[in-house]
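These notes concern the structure reproduced below.
These numbers come from a predicted model, not from an experiment.
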Amino acid sequence: MKQGLSLRVSQHLALTPQLQQSIRLLQLSTLELGQEVEQMLDDNPFLELSAEEAVREDFGVAQADALVTPAERDAEQSTSPEADANYSGADYAESTSASTTKDDDATPLSSDDAYDWDGDGTTEMVPDDSEWGGDAKARTNNLGDGDDTDATELARTQESLQTHLHRQALRLRLSEEDRAALRFLIESLNDDGYLEDSLDALADGLAHGDAEQHSNLLHHFTVALGLLQSLEPAGVGARDLAECLRLQLQALLDHADTYGCESPIQPDLWAVALAMCAQPMELLARRDIKTLVQRCGATDAQVRAALTLIARLEPKPGRRFVDVERNIVVPDVLVLPAGKVGGSPRFKVQLNPDVMPKLRVHDIYANVLRNHRGGKDSVSHAALQQRLQEARWFIKNIQQRFDTILRVSTAIVERQKSFFTHGELAMRPLVLREIADELGLHESTISRVTTAKYMATPFGTFELKYFFGSGLGTETGGNASSTAVRALIKQFISSESNTKPLSDNQISEMLKEQGIECARRTVAKYREGLKIAPASLRKAL
């Protein structure tokens with residue numbers, strides 16, 4: 001085999017760092033974007049938040065299709081087409097750059113590095129360094145007085161289940177051992193208020209194989225469990241659903257008013273309900289009255305009354321103590337009425353200023369770096385230049401993220417005008433491809449934009465994906481949106497008779513009368529998606 005040297009030039013597709021960041025920022029939710037901004041503020045000294053008003057930088061929707069001037073090209077000296085100022089959201093998912101093989105020994109912090117965020121080494125202040133998000137309020141820690149307290153801060157003040165139980169335990173006169181055992185069991189509860197681990201398993205975890213200590217711990221845990229299950233809310237500390245219901249029935253005898261009962265529970269009804277909770281839970285879930293009558297030795301009327309009583313109980317005692325912060329949704333886009341033109345209502349689409357970070361390049365640090373361009377430590381100077389360029393691109397990428405969200409939201413509102421006028425029954429079929437073709441973006445870009453982004457409308461706040469749905473055929477040859485069909489199914493069920501609820505087959509026939517071809521299994525799928533029980537469970541006892 002003969003050895004030799006050969007020179008070969010090849011090309012490969014690669015995403016530049018700023019393009020990778022653009023794509024990543026585009027798919028982040030509002031909460032994740034806030035965390036990303038906080039991290040960048042901690043890492044990059046050239047980036048800062050500002051409370052002052054400033055001119056919005058000349059980059060975004062209005063400039064998305066503008067040609068690059070020679071002055072702009074000289075100022076940025078980008079190494080790839082995607083990094084130029086005319087780069088728009090249309091290239092998010094498809095654009096790549098051809099780069100040749102580089103020397104593996106190149107210094108990463110060198111000013112000649114092609115992956116240094118496309119900086120040309122300049123430290124001059126440029127228009128792109130101005131603040132972005134001038135309409136947004138200055139960030140605060142939400143701890144001050146006034147009416148501007150953030151809803152998430154209010155949510156954090158909600159009392160947890162453990163805190164609620166510990167406060168009740170302080171009123172009990174217990175020995176140190178029993179108090180410690182009760183505290184341990186309280187901390188072992190899950191979010192629903194259940195004790196998932198058995199007392200024996202908890203004792204094993206603390207005894208470390210010591211039989212005498214295990215027996216002692218088991219005794220204290222047994223005493224503590226009785227005390228825990230006597231606390232409010234009723235049912236807390238149960239090991240399973242049946243025990244939770246039994247504990248609440250026991251408390252129901254003495255505290256009927258707590259459960260909305262006008263009079264004390266009759267002993268015979270209470271006994272039947274208690275006997276029913278001792279049966280397999282599947283019988284109660286199916287409302288198998290015939291089997292329950294046989295097993296409990298009660299009449300049909302008694303079983304039905306007991307089922308009504310049990311239905312008023314809380315299967316998850318800790319539900320109301322769960323932190324509600326996870327349910328808070330902050331809209332990215334606001335849709336507001338803007339009058340009428342020719343009798344047709346108009347809507348104004350705008351970004352929510354509360355979710356737009358006000359970022360700018362730190363003027364003082366950038367000027368110091370510019371004035372010390374000729375320093376002796378060229379490596380450190382090149383590293384600082386790179387961080388400055390990172391700050392500039394971060395501001396541009398965030399701006400481009402919101403600009404793309406606004407463009408997509410505006411297109412959605414234009415396509416779904418009927419929804420904003422008449423509600424979800426007027427929703428039109430819409431797929432990602434239609435918006436992508438209209439805006440000149442890739443379908444994957446539309447998917448990123450509509451994921452975990454929310455729009456506040458006159459009918460409520462919805463995820464952008466809510467406005468997309470497949471179409472069902474109609475008798476006239478047109479299409480009906482699956483969202484509108486779901487709304488129609490929900491309307492049918494809400495107006496049904498409690499004694500004779502509509503079956504899926506009946507709903508399918510009713511939709512056919514409306515001219516919509518929808519099979520029974522499709523109705524069942526939509527009904528389950530709406531979290532509506534089948535007809536057998538909706539029937540009143």
Side-chain angles (χ1 to χ4, degrees), residues 19-40 59-61 64 88-93 132-133 135-137 139 150-152 325-336 347-359 394-417 419-420 424 427-470 481-483:
L19 180 57
Q20 295 178 25
Q21 186 184 72
S22 284
I23 296 174
R24 186 167 56 83
L25 291 178
L26 187 63
Q27 62 190 7
L28 295 181
S29 65
T30 299
L31 178 61
E32 293 169 337
L33 178 65
Q35 296 172 346
E36 185 77 13
V37 170
E38 293 291 345
Q39 182 66 35
M40 183 61 72
F59 189 90
V61 175
S88 66
D91 304 314
Y92 275 173
W132 179 78
D135 294 333
K137 294 182 179 180
R139 289 174 56 93
D150 192 356
T152 56
E325 180 179 353
R326 68 191 65 177
N327 298 323
I328 294 176
V329 174
V330 180
D332 300 85
V333 181
L334 308 177
V335 179
L336 306 173
F347 297 93
K348 178 183 178 182
V349 184
Q350 66 182 43
L351 295 170
N352 183 2
D354 293 334
V355 302
M356 298 161 61
K358 293 181 64 175
L359 298 175
F394 187 73
I395 294 173
K396 289 183 177 181
N397 287 337
I398 287 186
Q399 177 181 327
Q400 201 157 23
R401 172 189 185 273
F402 282 100
D403 287 343
T404 306
I405 292 175
L406 181 59
R407 293 176 64 195
V408 172
S409 300
T410 303
I412 291 175
V413 172
E414 187 65 26
R415 289 295 185 100
Q416 299 290 7
K417 277 186 177 180
F419 166 81
F420 295 97
E424 57 186 354
M427 188 80 79
R428 291 179 50 193
L430 183 65
V431 294
L432 298 177
R433 171 60 62 184
E434 295 181 46
I435 301 296
D437 293 342
E438 179 179 340
L439 300 180
L441 303 177
H442 193 270
E443 192 171 347
S444 62
T445 302
I446 305 300
S447 177
R448 292 187 182 98
V449 171
T450 56
T451 301
K453 315 295 187 305
Y454 294 87
M455 177 187 292
T457 73
F459 296 96
T461 301
F462 304 94
E463 188 178 11
L464 294 184
K465 279 191 178 297
Y466 171 79
F467 299 96
F468 294 86
S470 57
S481 170
S482 58
T483 304

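- I405 CD1 to L26 CG: the interatomic distance, rounded to the nearest 0.5 Å, is 6.5 Å.
- When all heavy atoms of Q350 and L406 are compared, the pair lying nearest together is CA-CD1, 4.1 Å.
- Taken from CD1 in I446 to CD in E443, the straight-line distance is 8.5 Å, to the nearest 0.5 Å.
- The heavy-atom pair separating K453 from R448 by the smallest distance is NZ-O, 3.1 Å.
- Within the 4.5 Å cutoff, no side-chain heavy atoms of F467 are placed close to those of V413.
- Under the 3.5 Å distance criterion, the side-chain polar atoms of N352 are matched with a main-chain donor or acceptor of P331.
- Note that OG1 of T457 is 4.5 Å distant from CZ of F419, once rounded to the nearest 0.5 Å.
- Between the OG1 atom of T445 and the CD1 atom of I23 there is a distance of 7.5 Å, given to the nearest 0.5 Å.
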Could you go step by step and tell me if D403 and R407 meet the salt bridge (charged side-chain N to carboxylate O under 4.0 Å, His left out) rule?
CA-CA 6 Å; D403 287 343; R407 293 176 64 195; over 6 Å; no
Starting from the C-alpha separation in whole Å, work towards a yes-or-no answer on side-chain contact (heavy atoms from CB on, under 4.5 Å) for F468 and E434.
CA-CA 10 Å; F468 294 86; E434 295 181 46; over 6 Å; no
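- Nearest heavy-atom pair, R415 versus R428, reported as atom, atom and distance to 0.1 Å: O-NH1, 3.3 Å.
- Side-chain N or O atoms of R401 include one that pairs as donor or acceptor with a backbone N or O of L25 at under 3.5 Å.
- By the 4.5 Å heavy-atom criterion applied to side chains, F402 and V355 are counted as neighbours.
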Step by step, would you call M455 with Y466 a side-chain contact (heavy atoms from CB on, under 4.5 Å)?
CA-CA 10 Å; M455 177 187 292; Y466 171 79; over 6 Å; no
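- To the nearest 0.5 Å, atom CG of residue D437 and atom CG of residue L432 are 11.0 Å apart.
- The two residues I435 and V408 make their nearest non-hydrogen contact at CG2-CG1, 4.2 Å.
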Please assess S447 against K465 for the test side-chain contact (heavy atoms from CB on, under 4.5 Å), listing each intermediate value before the final yes or no.
CA-CA 8 Å; S447 177; K465 279 191 178 297; 3.7 Å; yes
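- Within 6.0 Å of the CD atom in E414, the count of heavy atoms belonging to other residues, nucleotides or ligands does not exceed 12.
- Note that CD of E424 and CZ of F462 are 6.5 Å apart. Values are rounded to the nearest 0.5 Å.
- Taking each heavy atom of F420 and F459 in turn, the nearest pair found is O-CE1, 3.4 Å.
- Here the side chains of L430 and S481 are not in contact, with every heavy-atom distance at 4.5 Å or above.
- Of all heavy-atom pairs between P357 and I398, the closest is CG-CG2, 4.1 Å.
- Side chain of E463 to main chain of T451: no donor-acceptor pair is present (N/O by atom type, distance under 3.5 Å, no hydrogens or angles).
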